Amino acid sequence: MEREFVLETERLRLRRYRRDDVDELDAILGDPETMRYYPEPYSRARVLEWIEDNIRRYREDGSGLWAMELKETGAFAGNCGPAVRVVQGTPQIELGWHVARPLWGQGLAPEAAAACRDWAFEHLDAERVIALVRPENLPSRRVAEKIGMTVEDEVLYGQMSWVHLVYAVHR
Ligand SMILES: CC(C)(COP(=O)(O)OP(=O)(O)OC[C@H]1O[C@@H](n2cnc3c(N)ncnc32)[C@H](O)[C@@H]1OP(=O)(O)O)[C@@H](O)C(=O)NCCC(=O)NCCS
């Protein structure tokens, strides 16, 4: 069951995380350049917690961040997926995305995110899908824009309560 792919795009397969993904995910979430818009890069222990949290989300919410693999080589490429997050007291479906640094600039995040947006509207009871992005994170803002999202709000979010733009696209 765990090895089944949830989604396929032209270049990517998205599947549920497994605990043995920790090393490959650590290379992404533990990388200071990739995590420059986060309070700090994740420790290996935090990466493992992150995987556990997504496995819980699959069970409780039916979705979460999924691992992405390049179809051509099977290489681990990053993650993308819809996760339930409480924003200003209301549960929302948020799309998140991280891509392995050597693969940046090839349009992989928008390709995955567009498929996740469509999956969310098909499978989840959501009128809109959002992405929470720090204003300074221009590459991530471009991904949101490329999948048809626009800024609808600004909120204080995360462990540091930093300002995040609420990008959204409606059903
Ligand atoms: C945001 C991110 C997922 C984009 O993934 P991607 O597959 O490279 O997406 P794209 O190829 O569509 O590029 C998006 C934008 O990234 C920027 N970009 C492209 N190549 C880049 C590179 N080598 N280095 C830095 N930025 C680059 C460009 O602004 C690009 O927009 P453009 O196509 O209009 O020029 C990726 O940069 C990443 O993993 N960033 C770190 C994690 C992160 O911040 N996640 C989002 C949290 S809200």
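The basis for the numbers below is simple: all heavy atoms, side chains too, and nothing from hydrogens, waters or symmetry mates. Note that the structure is a prediction, hence the values are computed from the model and not measured. We count ligands from 1, going down the list as the structure has it; atoms in each ligand are counted the same way.
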- Hits for ring-ring contact (aromatic ring centres under 6.0 Å, His included) against Tyr38, two or more places apart or cross-chain, chain-then-number order -> His98

- Query: What residue pairs, at least two apart or across chains, pass salt bridge (charged side-chain N to carboxylate O under 4.0 Å, His left out) with a residue in residues 85-98?
  - Reply: Arg85-Glu94

- Note on the structure: Contacts of His170 meeting ring-ring contact (aromatic ring centres under 6.0 Å, His included) (sequence neighbours excluded), chain-then-number -> none

What does the N/O contact table under 3.5 Å look like for ligand 1?
from, atom 1, to, atom 2, distance (Å)
ligand 1, 7 (O), Leu108, N, 3.3
ligand 1, 7 (O), Ala109, N, 3.0
ligand 1, 8 (O), Gly105, N, 2.8
ligand 1, 11 (O), Gly105, N, 3.4
ligand 1, 11 (O), Gln106, N, 3.2
ligand 1, 11 (O), Gly107, N, 2.7
ligand 1, 12 (O), Lys146, NZ, 2.7
ligand 1, 33 (O), Lys146, NZ, 2.6
ligand 1, 34 (O), Arg142, NE, 2.5
ligand 1, 34 (O), Arg142, NH2, 3.0
ligand 1, 39 (O), Val99, N, 2.9
ligand 1, 39 (O), Val99, O, 3.4
ligand 1, 39 (O), Trp104, NE1, 3.2
ligand 1, 44 (O), Asn137, ND2, 2.8
ligand 1, 45 (N), Trp97, O, 2.8

- Item | Flag side-chain contact, heavy atom, 4.5 Å: Gln92 against Val84 | no

- Item | Test item: Leu12 and Lys71 side chains (from C-beta on) under 4.5 Å apart, heavy atoms | no

- When you measure from the centre of the six-membered ring of Phe121, is the NZ or CZ of Arg171 under 6.0 Å away and within 45° of the axis? no

